[in-house]
Novice: 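Please find one structure pasted underneath; my questions will follow.
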Amino acid sequence: MAITVNNVQQHAADRGARAIGAFTARAVPPAGSEAVAAPTAQAATALLRRLAATRTVTALCAFALFVGLWYGVSAWINNRILVPSPTQVATALVQLGASGELFTHALVSTSRLGMSLIASLVLAVPLGFAMGMNEKLNAYLDPVVELLRPISGIAWIPIGLFIFGVGDTLPVFIMVYVAFFPLLLNTIAGVRNVDRKLIDAARTMGVRRTPMLLHVVVPAALPTIMVGFRLAFAGAWSAIIAAELIGAPSGLGFAIEWYRELLMSPKMFAFIVLIGIVGYVCDLLLRALQRVLTPWAEGTGLA
Amino acid sequence: MSTMSLPVAPVRRLRRAWLMQITLVPLVLLGVWEVWAVLAGDSHAPAPTRVIESFIELVAQGGLIGATVESLGRVVSGFAVALVLGVVLGILMGSNRWVRNLLDPIVESFRPVAPMALLPLAILWLGAGTPAAVSIVAYAAFFPLLINTVHGVSRVDRKLVLAARTMGVPRWRILTKVVLPASLPAVLLGSRLAMGVAWTAIVAAELGVGAKSGGGGSGGIGAMMFVFYAYNVDLNAIVVCMIVVGVVALLIDRLFRFAEHRLMPWRT
Amino acid sequence: MKLQTTAPKLRLQNVSKQFIAPRTGQLTTAVTAVDLEIQSGEFVCVVGPSGCGKSTVLNLIAGLDTPTSGSIEANGQSIRRPGADRGVMFQDYALMPWQTVYDNIGFGLRYGTPGEGLTPTERETRIRHFVDLVGLNGAEKKYPHQLSGGMRQRVALARLLANGPDILLMDEPLGALDAQTRLILQVELLRIWGETAPQSQRKTAIFITHDIEEAVFLADRVVVMSTHPGRVKAVIPVDLPRPRSEHTRAEPRFGELAEQIWALIRDEAYRAIGGLGAAPQATNEAVA
């Protein structure tokens, strides 16, 4: 094959391998004797090597290693409160699942998350469209946005506690605030970055304002808005834990702190693991949503 | 193409109009807020003028600057730890596919676990004080640094490496003279993001620690906010703290952007 | 082939366009004193060095921009805004990435003026006709990112034609393709345009390109523009017989015309790439 810049390394590796092989090759075996045994053994090793190379197998190995390390550390420290063993945490998970407590807290947190995301979508996306399309509006409102944005949602917790007290509203308020900015900014960016050529093309086809908005601007801005939505989710998920830890009577963040105060570490750890799982699952769902809504943006660097 | 300039006066007028646009809405909102607070009657309700008074008082006597510096100190410590861990691991994972495939699942599993979720654990292990707060900051700052470093190292244009090899540059030198400079933009970006996250994390951690240790002497601006909420109730002081949090976040961001600009003039 | 001259389809009179940079207020003249008359059914190519204002002129005719002075008229009516009567084919295709080939071709028919008064069945028939015309049968359900450059260009062409415009405006449509695909598509383009039909039945086409040979191959007339400031330098009639084919390029007249046009642009082209010194003097100075 022709040698190009891209395969020069491979080419060299091939030649090197062949050279070494030629150097260490055994004498040619008599025809037929080993020929039958070789294929099956070769096929088996090839299959094993392929399996080993798959991502899932390496992932499983990684987890096994991690759990093994954890087990070792917990055994060495031998303090159930400081470092519970993996088995203890797993048992705690099962117990919590059986008693339903697991699901109650998880549901409470996710429902708050859901409400907040919907609320911030309703607030941020229309405003983002308005600001993205109207330069004047953007000029007037942008300073306010840029002044409020650096003040992280966490900083609003004390004032939020003062206004809403400990309860359901505080986490939702904080989450809406945190989710609002990435969504707004990404919507504005998405609208502004709509390829000028697409709009020109539509204009030359006599497309008027409303169809232009619905059938050109919205689909074109959608990938960037989706990215904003994922950022909003990540921020909100992080903020809810903090908010629940400090100022809510229920939810995953609350549960972690609750069991710490009771020094019931296995259950505390169980909830930490649960937070990871729920967060991961939600991210998977969001990615799937992204693929469904914006299939054309894969691999263009927008997603 | 032939060019011509507009006379100076119209341009100056444009700039003045622009300034007015920028300040109009914030000033109006502040005005409305002030009026509402005065009308509300309660002399403790937060208002722009009272916030300014509170700010002066806190700087002069309340140790605002001290608390901010204390928080920043913790951020820097946590960031330093995360920088070393994140960049080293990032280079390893970015350049070696086996390492990456092995460690990636673990990293990705920890990513959804918010830093604050580990605060109780940190308090359990390290007590309610500075070490716990710093460890949360380090944890928070670690991920942006790691992810961006991996991204930067793995995206180094293979052709640059090959070009160096065809010039007889030894492998280790390629690492220092080609791979690292090429991934510097990504590391700097990761640093900027990490510092931003770290600052948020310290405020949250100090708030949490303050809430759990009964407003004890953990110091820092997050704790100060909690004190003004739970013990020495002063809403105007809380607002001052919030503004300080915002201003510092902005300054950190600008500082890092400036550094990016200076260190990498070849990036537009 | 003698071109019939009746009332011109498109008339530009003393058109000039100046731009004001938003922050600094600097004035830049893109084109100046452009006078052109284009007949119905003509295929006109516009060539010139970078920055001579070719795209600006196209945008003005399309109505995407308005001239600073002068007038542009199509069918005797002055042009103020874009419209489906002047269809545009852009250099990077401007296909809606979220729509299939089928939907892209039918975009103007569904959301724009060309589709007004069409029943869905009529619309479908029309779209299918153009899918067939450009040879994209079987690819209707694909998305632009799944298509090759040549296929995308054909979608853009089908969309342009499906909207039934009076005037076809094409801004370097083959520019992003490799040389081989370009040669093939040039012949295709002429076929689809209706090269073999009489002039009264052909659409008017204005085609911008960097490629001088492409311009000579396609056009009835070639408008040569120059830069600093952008203006029309010359209009060269192309008296090669139609239909054009690969053999056309071998004819001596083809080479003469190409050389003639290059001679007009040569100096500016050298200057545009940062001046490698003076352009070498041609031994046979072609007479313009």
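Just so we're on the same page: letters track the sequence lines, and every chain starts at 1. In what follows, every heavy atom counts, from backbone to side chain, and hydrogens, waters and symmetry copies are set aside.
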Novice: For atom CZ of A:Phe164, is the number of surrounding heavy atoms from other residues, nucleotides or ligands below 6.0 Å larger than 12?
Specialist: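 Count over threshold, so yes.
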Novice: Report which part of A:Leu147 has an atom under 4.5 Å of a heavy atom belonging to chain B: side chain, backbone, both, or neither.
Specialist: side chain
Novice: With only heavy atoms counted, which part of A:Glu244 is less than 4.5 Å from chain B, the side chain, the backbone, both or neither?
Specialist: neither
Novice: Counting heavy-atom pairs under 4.5 Å with chain A, which one of B:Pro112, B:Gly196, B:Ala114, B:Cys241 comes out on top?
Specialist: B:Pro112
Novice: So how far is it from B:Ile243 CD1 to B:Leu250 CG, rounded to the nearest 0.5 Å?
Specialist: 12.5 Å
Novice: Most heavy-atom pairs under 4.5 angstrom with chain A, which of B:Pro115, B:Pro26, B:Pro120, B:Ala201?
Specialist: B:Pro120
Novice: Give the member of A:Phe162, A:Tyr280, A:Phe63 that has the highest number of heavy-atom pairs under 4.5 Å with chain B.
Specialist: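 Most pairs with chain B among the choices: A:Phe162.
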Novice: Give me the ring orientation class for A:Trp70 and A:Phe66: parallel if the planes are under 30° apart, tilted from 30 to 60°, perpendicular past 60°.
Specialist: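 Tilted: the ring planes of A:Trp70 and A:Phe66 meet at 30° to 60°.
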Novice: Side chain, backbone, both or neither: which part of B:Leu24 has an atom under 4.5 Å from a heavy atom of chain A?
Specialist: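 Interface part for B:Leu24: side chain.
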Novice: What part of B:Leu124 gets within 4.5 angstrom of chain A, counting heavy atoms only: side chain, backbone, both, or neither?
Specialist: both
Novice: Using atom types as modelled and distance alone, determine if a side-chain donor or acceptor of B:Asn148 lies under 3.5 Å from a backbone N or O of B:Pro144.
Specialist: yes
Novice: Taking every heavy-atom pair that is under 4.5 Å apart, which of B:Val245, B:Leu235, B:Thr200 has the most such pairs with chain A?
Specialist: B:Leu235
Novice: Looking at A:Cys61, A:Gly247, A:Gly153, A:Ala242, which makes the most heavy-atom pairs under 4.5 Å with chain B?
Specialist: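 Most heavy-atom pairs within the cutoff with chain B belong to A:Ala242.
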Novice: With chain B as the partner, which of A:Pro143, A:Ala234, A:Gly279, A:Ala59 has the greatest number of non-hydrogen pairs under 4.5 Å?
Specialist: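 Option with the top pair count is A:Pro143.
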Novice: Out of B:Thr166, B:Val247, B:Leu121, return the one with the most heavy atom pairs under 4.5 angstrom to chain A.
Specialist: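 Of the options given, most contacts go to B:Leu121.
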Novice: Sort A:Phe269 into side chain, backbone, both or neither according to what part of it lies under 4.5 angstrom from a heavy atom of chain B.
Specialist: side chain
Novice: After noting the C-alpha distance and the side-chain angles of A:Arg112 and A:Ser250, does the key distance pass the side-chain hydrogen bond (donor to acceptor under 3.5 Å, both in side chains) rule?
Specialist: CA-CA 11 Å; A:Arg112 285 176 186 153; A:Ser250 58; 2.9 Å; yes
Novice: Has B:Ser71 got a side-chain atom pairing as donor or acceptor with B:Ile221's backbone, closer than 3.5 angstrom?
Specialist: yes
Novice: Please work out which of the three classes, parallel, tilted or perpendicular, describes the rings of A:Tyr177 and A:Phe173, given edges at 30° and 60°.
Specialist: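 Answer is tilted, since the angle falls between 30° and 60°.
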Novice: Using the ring of each side chain (for Trp, its six-membered ring), is A:Phe254 parallel, tilted or perpendicular to A:His105, with breaks at 30° and 60°?
Specialist: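 It falls in the tilted class, 30° to 60°.
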Novice: Picking from B:Ile123, B:Val233, B:Val203, which has the most non-hydrogen pairs under 4.5 angstrom with chain A?
Specialist: B:Ile123
Novice: Side chain of A:Ser238, backbone of A:Gly235: donor and acceptor closer than 3.5 Å?
Specialist: no
Novice: Chain A heavy atoms under 4.5 Å from B:Phe228: which part of the residue, side chain, backbone, both or neither?
Specialist: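 Neither the backbone nor the side chain of B:Phe228 comes within 4.5 Å of chain A.
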Novice: What part of B:Val248 gets closer than 4.5 Å to chain A, counting heavy atoms only: side chain, backbone, both or neither?
Specialist: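 Answer is neither: B:Val248 stays 4.5 Å or more from chain A.
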Novice: Under a 4.5 Å heavy-atom cutoff, which of A:Cys282, A:Ala239, A:Pro158, A:Gly276 has the most pairs with chain B?
Specialist: A:Pro158
Novice: What part of B:Leu29 is in contact with chain A, defined as an atom under 4.5 angstrom from a non-hydrogen atom: side chain, backbone, both or neither?
Specialist: side chain
Novice: With a 3.5 Å distance limit and no angle check, can you tell me whether B:Ser54 reaches the backbone of B:Arg50 through a side-chain donor-acceptor pair?
Specialist: no
Novice: Which bit of A:Ile277 is near chain B, if near means a heavy-atom gap under 4.5 Å: side chain, backbone, both or neither?
Specialist: neither
Novice: Heavy-atom pairs under 4.5 Å with chain B: which of A:Leu161, A:Asp283, A:Ile159 has the most?
Specialist: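 It is A:Leu161.
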Novice: Please determine if A:Glu101 and A:Lys267 form a salt bridge, counting it only when a charged side-chain N lies under 4.0 Å from a carboxylate O.
Specialist: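 No, this pair does not count.
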Novice: Short question: side chain of A:Ser109, backbone of A:Leu252 - any donor-acceptor pair under 3.5 Å?
Specialist: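 Answer holds: yes.
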